[in-house]
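A short write-up of the structure that comes next.
Values in this document were obtained by computation on a predicted structure and should not be read as measured data.
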Amino acid sequence: MSIELRKQLFEQLDQIALVDPHSHINPLSAASTTLADILGYHYYTELSHSAGMPKDQIEEPGLDPKEKVRRLVENFGPIENTIQYSWFIEFAQKMFGFADDRLTTDNWEALYDAAADKMAGDDWEETVLRESKLEGVFLTNDFDDALEGFDTSRYIPCLRTDDLVFHLSKLTVAERLENATGISVNGRATLESALDKLFDHFVSKNAKACAISLPPDFAPHFVSESRADKAIQNILGKGLEANPNDRHAAANFVFWSLAERCRQHKLPFDLMIGVNRGVYETGVYQGQDLYDSRVSLIQYRQLFNAFSDVTFPVSVLASVTNQELVSYSWIFPNVVANGHWWYSNTPAYIEQDLAARLEAIPQTKVIGYYSDMYKLEFGMPKFAMFKRILAKVLAERFVIDRGWSEQRAVELGHTVLRGNVETIFGVGD
């Protein structure tokens, strides 16, 4: 019964048109042009490197795309067991007519050529969106992005703020901020004016969220105007040589100021908590960052209490933090459990974490999934993975264990897949 029920639920969930609430898509080049764009996704390069493929074989300057795919395929044997490998096979079978279940040295070239032909079509981007049932995709936009040249109702802007909070002491960041706003920042007041201008720009371009990734040792707190003014002047004058205490104070002031502007503009503030950058210093591109189990959401208690009218969709880097996120979403009305990020994004962790969320949190406070994709082709297999797990959890925990009807279970699935994205971010119908 369980397997058949899961299949039935999946088929119904798979009909839901989606809005992806977090990605790294470039809206001016959203779809891939070769298989190298797909297999160059950091999951494949870091797994191949982890299994023994030399970094210089992956990142050789000027490497021809077809040659890059050949090299990766020759080293794919050890990663065939991974869920990431299955994403690629599933997409290739559905979109390129790939008839095999393994990519080998014997069949990769035919697939490469067939894919190149399809990707060269003028309608490829539209085809991928349609087949993936994606009506909208949230972006990750630098604060100085002009947000021009694309449809902001399809590719929805999101203000990414890591540089403003953690790298304002870099001359290049301060220069970018001045170029973007026309305001020369020399202290607290001018910085706040620049932030106001950024938010006005993003909101005018249909931005629906502000977002930031946060290291495990960050604990945001209020900083007074006088302390902030001194700290900002110091870091702007001395740059990376500024006193660490001033850099810390400035980061906290900017972060708090961002939350204030999310309140003013009624934007959710996505917090992606727990990443340590550059842990594996010689890793492949985007394959250097790891989580830290010392992170705790208690570090955000001042923020959650101070901004009770700001919604904080929270992502945690590792499943070990999920129970704490469940508890905070249980207690704080403004904390929402958001997706399954990075090292939690495999079926074993998703099933455990999703079941805990659906059993303990009000259903209106669970954002089921986001793709985190860099190219559109990953929307389909990644969401399909999640929908299969969602169908399993709904079948076993709700229909079988609790006697829910299939229709009621599907309605809950719709809420976490689509409904909550609409209500929390203000998008869709």
Side-chain angles (χ1 to χ4, degrees), residues 1-23 81-95 101 129-137 315 319 322 325-326 329 336-342 344-373 377-424 428:
M1 176 182 177
S2 174
I3 294 176
E4 185 62 29
L5 176 60
R6 283 160 52 182
K7 181 180 179 181
Q8 292 170 5
L9 292 177
F10 171 79
E11 288 174 350
Q12 295 179 74
L13 295 173
D14 198 37
Q15 300 307 308
I16 298 171
L18 302 172
V19 175
D20 184 348
H22 176 70
S23 83
N81 58 294
T82 67
I83 193 66
Q84 294 87 354
Y85 184 88
S86 76
W87 296 341
F88 175 78
I89 296 298
E90 181 173 0
F91 185 84
Q93 289 172 339
K94 183 164 186 178
M95 298 301 292
D101 59 5
L129 287 167
R130 182 180 65 253
E131 294 298 320
S132 303
K133 301 181 180 68
L134 283 172
E135 292 185 344
V137 178
S315 302
S319 182
N322 186 67
L325 175 56
V326 167
S329 301
V336 172
N338 187 17
H340 301 271
W341 184 31
W342 213 336
S344 299
N345 189 35
T346 57
Y349 295 129
I350 293 174
E351 181 179 348
Q352 169 184 294
D353 295 350
L354 176 63
R357 294 176 187 184
L358 292 183
E359 289 179 348
I361 303 173
Q363 61 182 283
T364 52
K365 299 184 64 187
V366 180
I367 299 172
Y369 195 71
Y370 53 75
S371 71
D372 212 15
M373 61 185 171
E377 288 78 6
F378 282 98
M380 177 195 295
K382 294 180 84 171
F383 270 100
M385 172 190 70
F386 178 77
K387 285 181 281 190
R388 292 187 185 101
I389 300 166
L390 176 59
K392 184 175 188 289
V393 171
L394 291 173
E396 296 176 357
R397 305 274 183 145
F398 290 86
V399 178
I400 294 174
D401 290 353
R402 295 165 65 174
W404 281 32
S405 68
E406 288 186 35
Q407 182 58 37
R408 188 179 177 189
V410 171
E411 289 172 358
L412 176 55
H414 187 283
T415 295
V416 302
L417 272 172
R418 174 65 188 252
N420 291 341
V421 176
E422 292 181 357
T423 56
I424 290 170

**Prompt:** Can you tell me how far CG of D20 sits from CG of L129, rounded to the nearest 0.5 angstrom?
**Reply:** 10.5 Å

**Asked** What's the spacing between K387 NZ and L417 CG if we round to 0.5 Å?
**Response** 7.0 Å

**Asked** Of all residues at least two apart in sequence or in a different chain, which pass the side-chain hydrogen bond (donor to acceptor under 3.5 Å, both in side chains) check with D101?
**Response** none

**Item:** Under the ring pair (Phe, Tyr, Trp, His ring centres under 6.0 Å) test, residues paired with F383 that sit two or more places apart
**Value:** Y369

Please report, to 0.1 Å, the donor-acceptor pairs under 3.5 Å made by any side chain of residues 405-413, with sequence neighbours excluded.
residue	atom	partner	partner atom	Å
S405	OG	R408	N	3.0
Q407	NE2	E411	OE2	3.4

**Fill in**
Nearest heavy-atom approach of E135 to A17 is OE2-CB, 3.3 Å

**Prompt:** For residues 345-365, which residue pairs qualify under salt bridge (Lys or Arg N to Asp or Glu O under 4.0 Å), counting only residues two or more places apart or in two chains?
**Reply:** E351-K392, E359-R397

**Prompt:** Hey, is the main chain of L325 close enough, under 3.5 Å, to the side chain of S329 for a donor-acceptor pair?
**Reply:** yes

**Worked verdict on H414 versus Q12 for side-chain contact (heavy atoms from CB on, under 4.5 Å)** = CA-CA 9 Å; H414 187 283; Q12 295 179 74; over 6 Å; no

**Request:** Kindly compute the distance separating NZ (K382) from CD (E377), expressed to the nearest 0.5 Å.
**Result:** 12.5 Å

**Complete:** Interatomic distance, CE@M380 vs CG@D14, rounded to 0.5 Å, equals 9.0 Å

**S132 side-chain N/O to L134 backbone N/O, donor-acceptor pair under 3.5 Å** = no

For residues 87-94, dump all side-chain donor-acceptor pairs below 3.5 Å to protein atoms at least two apart in sequence or in another chain.
residue	atom	partner	partner atom	Å
E90	OE1	R388	NH1	3.4
E90	OE2	R388	NH2	2.8
Q93	NE2	D100	O	2.9

**Prompt:** Quick one: does V19's side chain get under 4.5 Å of E422's, heavy atoms only?
**Reply:** no

**Pairing residues for T364 by the side chain to side chain contact (heavy atoms under 4.5 Å, CB included) criterion, not counting sequence neighbours** = P362, N420

**S315 and its side chain to side chain donor-acceptor pair (under 3.5 Å) partner, picked from W341, W342, Y370** = Y370

**Message:** Give me the atom names and distance for the closest heavy-atom approach of I83 to N345.
**Reply:** CG2-O, 4.4 Å

**Other residues, nucleotides, ligands: >12 heavy atoms within 6.0 Å of Y349 OH** = no

**Interatomic distance, N338 atom CG to H22 atom NE2 [nearest 0.5 angstrom]** = 8.5 Å

**Prompt:** Any idea which heavy atoms bring D401 and E396 closest together, and the distance?
**Reply:** CG-O, 2.8 Å

**Request:** Verify, without hydrogens or angle tests, whether S344 (side chain) and S319 (backbone) share a donor-acceptor contact under 3.5 angstrom.
**Result:** yes

**Complete:** All heavy atoms of A391 vs all of L9, minimum pair found to be O-CD1, 3.7 Å

**Prompt:** Which atom pair, heavy atoms only, marks the closest approach of I389 to P347?
**Reply:** CD1-CA, 3.5 Å

**Asked** Any side-chain heavy atom of L394 sitting closer than 4.5 Å to one from W404?
**Response** no

**Message:** If I take atom CD1 from residue I350 and atom NE2 from residue H340, how far apart are they, to the nearest 0.5 angstrom?
**Reply:** 5.5 Å

**Prompt:** How far apart are the C-alpha atoms of L390 and L358, what are their side-chain angles, what is the distance that settles it, and do they pass the side-chain contact (heavy atoms from CB on, under 4.5 Å) test?
**Reply:** CA-CA 10 Å; L390 176 59; L358 292 183; 4.0 Å; yes

